[in-house]
Amino acid sequence: MSAGRAQAPVPLAEARAESEFGGKAVQLGAAIRAGLPVPDGLALPYAFVEAVAAGEEESIAALLEKFAALDGAVSVRSSGVGEDSGQTSFAGQHATVLNVRGEDEMLDAVRAVHDSAHGADATAYREMLGVEGMPRIGVVIQLLVEPETAGVIFTRHPVSGAEERVIDASWGLGEAVVGSLVAPDNYRLDSSGQVLERTAGRKDVELRILPGGGVERTPVAAERARELCLSDADLAALNDLASACERVYEGDQDIEWAIAAGRVWLLQRRPLTAIGGAK
């Protein structure tokens, strides 16, 4: 399949067709167009990803040209067609590759995301959810944010269904939270942003970006591991981000965020799965 037949990558802001780019890319594209703080990047349609994974030279050349134009380290994530709905979430089922800097690493990352969707674990998960057909996996490539803190926000309590914000947070990259490497800090806010509860977690490791590419898992000193990692100002900014997402999207939100140099970034957004369901 040539790059001409497999639709080429587009700027993330131009990803509009979920049937081509997958839900994650389309949600982020809508966020960028709405002025939300999303890192710049590219959306790769699933047919193009398949062409790259198959070694099609024209598609590989097109990918590397677009990657070079980003001029910086990036994260590479899946964007499945027909996944991450209000009833099902594929969070954590497909590979994520962080701090990609070179051409070979980029090709390896896209192939890893593609292959992870066809692996035994993802296949079993699809069968469990009753998702039929072969996976169609687009890819999101975004300029990398190097955060001091990161985590997730639910705009409704994911277990009780209460109308309150629930925030999980830890030091470093948010994959420590979504990958369950730590017991994160937990915060509950009412719909106006008033803090209802703060519970310190056990954040005894953090993921940090390496200058030459990749990430490292480093231990956190005991005192800092038990220290709350979000200030009142951070919580107010995250509440503002949640409110902004609610204005742009319908329904309840499951948001991945990062704070770097005092700025809050929206990294991913999906509908919150059925209350009490897996994130």
Side-chain angles (χ1 to χ4, degrees), residues 1-12 14-29 39-85 88-129 131-144 175 178-179 213-215 267-268 270:
M1 182 181 294
S2 71
R5 291 169 59 196
Q7 183 182 350
V10 301
L12 194 51
E14 297 177 16
R16 297 176 183 269
E18 197 273 344
S19 62
E20 293 291 333
F21 296 98
K24 188 178 299 177
V26 170
Q27 297 288 347
L28 290 173
D40 195 15
L42 300 170
L44 280 55
Y46 79 89
F48 182 88
V49 173
E50 291 177 355
V52 170
E56 202 285 316
E57 292 183 0
E58 187 177 351
S59 294
I60 289 172
L63 170 61
L64 295 181
E65 180 182 1
K66 294 286 189 180
F67 171 50
L70 288 177
D71 192 27
V74 299
S75 61
V76 180
R77 294 183 168 91
S78 67
S79 180
V81 175
E83 299 174 359
D84 286 350
S85 69
T88 63
S89 170
F90 277 70
Q93 294 302 312
H94 303 147
T96 292
V97 186
L98 302 175
N99 198 15
V100 176
R101 295 173 180 263
E103 292 186 349
D104 290 343
E105 290 80 7
M106 170 55 64
L107 295 177
D108 288 344
V110 171
R111 290 168 182 147
V113 171
H114 172 272
D115 292 350
S116 70
H118 295 265
D121 289 346
T123 299
Y125 189 72
R126 293 171 67 84
E127 291 175 352
M128 181 185 71
L129 295 178
V131 178
E132 299 180 350
M134 294 296 292
R136 293 176 292 168
I137 303 300
V139 164
V140 169
I141 299 172
Q142 286 181 284
L143 288 171
L144 188 66
E175 277 67 22
V178 298
V215 300
L267 302 182
Q268 296 189 57
R270 60 180 65 87

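Note that the coordinates shown come from a computational prediction; the quantities given were computed from them, not determined experimentally.
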Original post:
In Å and rounded to the nearest 0.5 Å, what is the CZ to CD distance from R270 to Q27?
Top reply: 10.0 Å
Original post:
So, for A112 and V97, which heavy atoms are closest and what is the spacing to 0.1 Å?
Top reply: CB-CG2, 4.4 Å
Original post:
Is there a side-chain contact between L28 and V140 (heavy atoms, below 4.5 Å)?
Top reply: yes
Subject >> side chain to side chain contact (heavy atoms under 4.5 Å, CB included) between H114 and I137, intermediate numbers included >> reply: CA-CA 6 Å; H114 172 272; I137 303 300; 5.6 Å; no
Original post:
Hey, does the side chain of S79 reach the backbone of G138 with a donor-acceptor pair shorter than 3.5 angstrom?
Top reply: no
Subject >> Set of side-chain hydrogen bond (donor to acceptor under 3.5 Å, both in side chains) partners for E175, sequence neighbours left out >> reply: R77
Original post:
How long is the span from the CD1 atom in I141 to the CG atom in D40, to the nearest 0.5 Å?
Top reply: 11.5 Å
**OP:** Only counting residues at least two apart or in another chain, list the ones meeting side-chain hydrogen bond (donor to acceptor under 3.5 Å, both in side chains) with R111.
**Re:** none
Original post:
Can you name the nearest heavy-atom pair linking A117 to P135, along with the distance?
Top reply: O-CG, 3.5 Å
Original post:
Picking from L63, L44, L64, what satisfies side chain to side chain contact (heavy atoms under 4.5 Å, CB included) with V52?
Top reply: L63
Original post:
Checking side chain to side chain contact (heavy atoms under 4.5 Å, CB included) against V74, which of Q142, M106, R101 comes through?
Top reply: M106
Original post:
If you take all heavy atoms of F67 and G102, which pair is closest and at what distance?
Top reply: CE2-O, 3.6 Å
**OP:** Test V113 against V76 for side chain to side chain contact (heavy atoms under 4.5 Å, CB included), laying out the working first.
**Re:** CA-CA 8 Å; V113 171; V76 180; 4.0 Å; yes
Original post:
Nearest heavy-atom pair of N99 and G214: which atoms, and what distance?
Top reply: ND2-O, 2.7 Å
Subject >> Pairwise distance CG(L144) to CG(L70) - rounded to 0.5 angstrom >> reply: 12.0 Å
Subject >> Shortest non-hydrogen contact between V81 and S19, atoms and distance >> reply: CG2-O, 3.8 Å
Original post:
How many angstroms lie between CD in E50 and CD in E56, if you round to the nearest 0.5 Å?
Top reply: 12.5 Å
Original post:
Where is the tightest heavy-atom contact between A43 and L12, given as atom of each residue plus distance?
Top reply: CB-CD1, 4.0 Å
Original post:
Rounded to the nearest 0.5 Å, how far apart are CD of E105 and CD of E103?
Top reply: 9.5 Å
